[in-house]
Amino acid sequence: MCVDLDYFYAQCEEVRNPSIKGKPVVVCVYSGRTEESGAVSTSNYVARNLGVKSGMPIAFAKKALSKYPEAVFLPMDNEYYDSISNQIMNNLRSKSSYFEQSSIDEAYLDITNESSGDYSKAYNLGKEIKAEILENENLTCSVGIGPNKLVSKMAVDSTKPDGLILISPEEVQVFLESFPIGKLFGIGPKTEEKLRSLGIETVGQLASFDRQVLAHHFGEKLGPQLQDSARGIDERPVREREVEQFSRIVTLKQNANSFNFQDVLRPLAKDLSDKLLAANLLCESIGIIAITSQLKTKTRVRKTGSLTSSESEILDVASSLFQSFFSDENLELGGVTIRRVGIRVASFVKNITDSKETNLRDFL
DNA sequence: AATACCGGCGAGT
DNA sequence: TCATACTCGCCGGTATT
């Protein structure tokens, strides 16, 4: 079962302030560059039907809604969305023995045991979950049920918003085959173009295409995996996975070919350090992210050799990486202008140094 | 020749 | 012109063993 909270951030805002229901609601990430610069995070269906889509520049959304003075533009309130998400996810987690939260507003439940493999029982459980989320949080969601994650995800996407749909194993082929190729989960604009150039336009055509040719064009892993998806085959287990990395990134006030490392990077390093401490983790890999004025992403990483969660160490490594990044880029003729910069930490190890290991040390 | 690491890219919310 | 902030996964190249 895939549970997907409908137009999540915008719906949270409707719950907080019901008077905006029925108006176009646009939740924005303001970059701080100018008054209005930034991107649309999400919007409610009223706004979507007027052409406002996730990822579009805020200025475009304003233009699209210029005839609707009642339109509401709101900044993201992550803490608020997190708290609602956590409430719901903790409840969902208790519903099945195997649970996986795949994003702030989406989760998979392997309810094979709970339903004894009976799809009609699964369907009823879906109904209950929808009713419960509505009751507890006053939020609508959509539920897709199928034999695996891929099918449940395709199912839920097809029924949004406020939907409930069941695709039984016998129905999978017919359900999937007529989708245009770009609608298959995992196929974005680039892959869609490549597939179309091979004459593949529907999921059904991908399902019966020459597997070797796909492997040749997309790689030995990705090619077969794309075809498996098209065939409704997906063996990925429903399991909560450990977070493997996290990052913080900001937009610079203006594009530049350098910036003040201390001022810009320290808050990022602090956030990452706080998060590592809160999760009781140490990282042994620190990296930087630079997004150029042409919106190309460039990265550098350093395996530090030591385990750390310290703000100053993260800051030092990141600064040093940016230093060499800019000198690298200068060698390659002219250098680059940078729009956004960030820091990433990865390669985590659980920190046993403070609580448990004190005992161990005492013991030794 | 296998494995590790790096940087880029693609996809998703 | 207008273009956020994340996370995860794969690919291909190069370095290491």
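Quick note on labels: first sequence line is chain A, next is B, and so on, each numbered from 1.
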Report the base-pairing partner of B:dA11 (Watson-Crick or G-U wobble, both distances below 3.5 angstrom), or none.
C:dT7
Categorize [X] for me: base, sugar-phosphate, or nothing, with a 4.0 angstrom heavy-atom threshold over every strand shown.
{"X": "A:Y30", "answer": "nothing"}
{"X": "A:K153", "answer": "sugar-phosphate"}
{"X": "A:I249", "answer": "sugar-phosphate"}
{"X": "A:T251", "answer": "sugar-phosphate"}
{"X": "A:I187", "answer": "sugar-phosphate"}
{"X": "A:T42", "answer": "nothing"}
{"X": "A:F246", "answer": "sugar-phosphate"}
{"X": "A:K183", "answer": "nothing"}
{"X": "A:S37", "answer": "sugar-phosphate"}
{"X": "A:G342", "answer": "nothing"}

Rounded distance in Å - [atom1] ([X]) to [atom2] ([N]):
{"X": "A:R339", "N": "C:dC2", "atom1": "CZ", "atom2": "P", "value": "11 Å"}
{"X": "A:I58", "N": "C:dT1", "atom1": "CD1", "atom2": "P", "value": "17 Å"}
{"X": "A:I343", "N": "C:dA5", "atom1": "CD1", "atom2": "C1'", "value": "15 Å"}
{"X": "A:I291", "N": "B:dG7", "atom1": "CD1", "atom2": "P", "value": "16 Å"}
{"X": "A:H217", "N": "C:dG12", "atom1": "NE2", "atom2": "P", "value": "13 Å"}

Do A:F348 and A:F246 have ring centroids that are under 6.0 Å from one another?
yes
A:F259 and A:F322: aromatic ring centres closer than 6.0 Å?
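Distance test on ring centres: under 6.0 Å, yes.
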Measure from the side-chain heavy atoms of [X] and tell me the nearest of [options].
{"X": "A:E244", "options": "B:dT13, C:dA5, C:dC8", "value": "C:dC8"}
{"X": "A:S31", "options": "C:dC11, C:dT4, C:dC8", "value": "C:dT4"}
{"X": "A:R300", "options": "B:dA11, B:dG7, C:dC10", "value": "B:dG7"}
{"X": "A:F60", "options": "C:dC6, C:dC2, B:dG10", "value": "C:dC2"}
{"X": "A:K190", "options": "B:dA11, C:dT4, B:dG8", "value": "B:dA11"}
{"X": "A:T299", "options": "B:dG8, C:dC10, C:dA5", "value": "B:dG8"}
{"X": "A:R241", "options": "B:dT13, C:dT7, C:dG9", "value": "C:dG9"}
{"X": "A:P57", "options": "C:dA3, C:dC6, B:dG10", "value": "C:dA3"}
{"X": "A:S247", "options": "C:dA5, C:dT7, C:dC11", "value": "C:dT7"}
{"X": "A:V29", "options": "C:dC10, B:dG7, C:dA5", "value": "C:dA5"}

Contact nearer the 5' end of DNA chain C, comparing A:K63 with A:L268
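The residue whose closest nucleotide sits nearer the 5' end is A:K63.
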Here's a test of your reading of the structure: between A:S293 and A:V243, which maps to the more 5' nucleotide of DNA chain C?
A:S293
Mind checking whether A:V213 and A:F218 sit in one hydrophobic cluster, side chains of I, L, V, M, F, W, Y counted as touching below 4.5 Å?
yes
Only one of A:E14, A:K160, A:E13 passes side-chain hydrogen bond (donor to acceptor under 3.5 Å, both in side chains) with A:Y7; say which it is.
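The side-chain hydrogen bond (donor to acceptor under 3.5 Å, both in side chains) with A:Y7 is passed solely by A:E14 among A:E14, A:K160, A:E13.
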How are the rings of A:F326 and A:F261 set relative to one another: parallel (under 30°), tilted (30 to 60°) or perpendicular (over 60°)?
parallel
Quick one: are A:E137 and A:V15 in side-chain contact, heavy atoms under 4.5 Å?
no
Could you tell me whether the side chain of A:Q227 and the main chain of A:L206 form a donor-acceptor pair under 3.5 Å?
yes
